[in-house]
There are 2 protein chains.
Amino acid sequence: MAKFTRLSSEERRAQLIDVGLACLSEGGILHFTVDRICQRAGVSRGLVLHHFGSMAEMLAAVYARIYRDTVPDLGLLPPEARLEALLDGIFAPTAFSRDTLAAWLTLWGQVAVTPALQAEHQRQFRVYQAQVRDAIAAMAEARGRKVEADRLASSLVCLIDGLCLQRCMDPDVISAEAAKAACRDLLAPHLG
Amino acid sequence: MAKFTRLSSEERRAQLIDVGLACLSEGGILHFTVDRICQRAGVSRGLVLHHFGSMAEMLAAVYARIYRDTVPDLGLLPPEARLEALLDGIFAPTAFSRDTLAAWLTLWGQVAVTPALQAEHQRQFRVYQAQVRDAIAAMAEARGRKVEADRLASSLVCLIDGLCLQRCMDPDVISAEAAKAACRDLLAPHLG
DNA sequence: CCTCTTACTGTACGATCATTCAACAAGGAT
DNA sequence: ATCCTTGTTGAATGATCGTACAGTAAGAGG
């Protein structure tokens with residue numbers, strides 16, 4: 001019998017990212033270590049840096065992963081449905097759970113002090129911000145309203161982040177429905 | 001000449017908290033270490049744990065400090081001025097700087113995974129949330145409006161947090177004035 | 001000037017950290 | 001069945017981590 005099984009580079013990276021995410025959720029950045037991740041994944045110490053080069057690079061990969069898992073793709077939806085789909089994705093049970101949010105908070109806390117992570121953040125955030133802006137602009141047009149889509153999108157993004165923050169630090173304070181309602185309330189005066 | 005100078009417990013704690021805050025700003029939680037803090041403060045290794053007992057306790061003390069430095073005391077102000085004073089305090093140049101915000105983000109990232117910090121957060125946040133609610137309620141009453149002060153305060157707190165988050169991760173995106181405007185825009189439909 | 005409290009020093013300790021690297025072997029290719 | 005690519009192992013390294021603790025001395029009070 002084989003002492004270990006070989007996976008393709010993509011498969012192994014995906015598995016390690018999963019484990020890394022779990023470590024972040026449970027213990028923050030201080031638990032995001034080579035030893036812990038490898039032990040939990042059932043592989044040897046050398047494998048993480050073989051696939052990612054450094055822990056900072058792996059952290060950036062985890063950031064890209066959680067971004068894709070959380071922010072839905074809105075491209076194919078009809079204009080009036082995009083905004084609601086965006087909120088449904090972000091405030092879905094898995095994305096808006098304490099575990100996922102704890103990972104988000106940890107990553108945010110590292111963005112400003114980890115160059116590799118900061119670069120990944122800017123890459124991901126640009127796409128996200130554009131999606132939110134377009135969803136708002138599409139809705140405004142569908143309803144025949146003139147809005148400052150940029151400013152409104154910026155406010156909505158901030159509100160969403162803050163809701164995630166508060167939800168993570170005290171889950172009882174804000175439910176997913178209350179979070180969606182707060183977002184709609186922010187937009188209502190401008191979109192009707 | 002003396003080999004070292006003795007300070008009162010309060011003075012030394014204040015100094016070490018200052019240094020700890022600086023370490024958090026510059027390198028996140030991974031730079032919040034006994035060695036770094038002591039070296040930077042010009043004291044020996046044993047002093048931190050002499051005054052704080054553990055690094056987790058010291059982190060909680062730093063959290064309490066940054067909270068008090070950021071959130072202004074609104075008690076004595078006239079009802080209509082409280083909301084604006086709150087925003088002025090939170091978005092003041094020092095509080096809304098990259099350094100201070102980086103420390104905030106780091107601390108937030110640790111709240112969910114550090115019991116001592118979580119306890120301190122709940123203590124501080126309760127007071128903060130109540131201040132925001134009262135400022136909103138006072139303004140609503142002054143203007144003769146009926147509002148759901150709780151929900152509105154919750155939304156405002158989330159928006160403020162999100163603004164801090166975005167500002168820290170990319171200072172060019174949001175100015176202090178834009179942040180204040182976003183907050184006023186959230187409240188305007190309810191408070192006029 | 002003496003005493004006493006306690007702020008303070010500095011070493012020691014065991015654990016854990018990220019990274020490097022040479023050797024091994026799994027499994028598709030030929 | 002053999003070769004070869006490369007995913008994988010595991011030990012070694014040197015730095016750094018938090019905490020414990022026995023001893024030192026500063027400086028206020030008597």
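Proteins get letters first, then strands, A, B, ... in listed order; numbering begins at 1 in each. This structure is a prediction, so every number in the text was calculated from the model and none was measured.
Remark: side-chain polar atoms of A:R143 are paired, donor with acceptor, to backbone N or O of A:L191 under 3.5 angstrom.
Between the side chains of A:Q166 and B:D161, at least one donor N or O lies within less than 3.5 Å of an accepting N or O. Side-chain contact check for A:S97 and A:T100: at least one donor-acceptor pair (N or O, by modelled atom type) lies under 3.5 Å. A:E11 and A:S8 are linked by a side-chain donor-acceptor pair at a separation below 3.5 angstrom, with hydrogens and angles left out of the test.
Electrostatic pairing of B:R184 and B:E84 counts as a salt bridge here, judged by a charged N lying under 4.0 Å from a carboxylate O. For the pair B:D18 and B:R65, the salt-bridge criterion is met [side-chain N within less than 4.0 Å of a carboxylate O]. Salt-bridge check for A:R40 with A:E26: passed, with a basic side-chain N closer than 4.0 Å to an acidic carboxylate O.
Rounded to an integer number of Å, the gap from B:L47 CG to C:dT6 P is 15 Å. The CZ-P distance, from A:F52 to D:dG7, rounds to 12 Å in whole Å. Computed from coordinates, the A:I29 CD1 to C:dC17 P distance equals 12 Å when rounded to whole Å. Per the geometry, CD belonging to A:E57 stands 14 Å off C1' belonging to C:dT19, to the nearest Å.
Residues of residues 8-19 of chain A having a heavy atom closer than 4.0 Å to DNA chain C: none are found.
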Legend entry - side-chain contact (heavy atoms from CB on, under 4.5 Å) evaluation trace for A:F125 with B:M169: CA-CA 10 Å; A:F125 183 69; B:M169 293 198 285; over 6 Å; no

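Taking only side-chain nitrogens and oxygens, B:H51 never comes nearer than 4.0 Å to OP1 or OP2 of C:dT6. In this model, the phosphate group of D:dT8 is not approached by any side-chain N or O of A:H50 to a distance below 4.0 Å at OP1 or OP2.
Nucleic acid contact class of A:V43 (heavy atoms, under 4.0 Å, all strands): sugar-phosphate only.
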Inset, instruction - For each nucleotide in nucleotides 12-28 of chain D, reading 5' to 3', give B when a protein heavy atom comes within less than 4.0 Å of its base, S when such contact involves only the sugar-phosphate, and - otherwise. - result: B----SBB-----BBS-

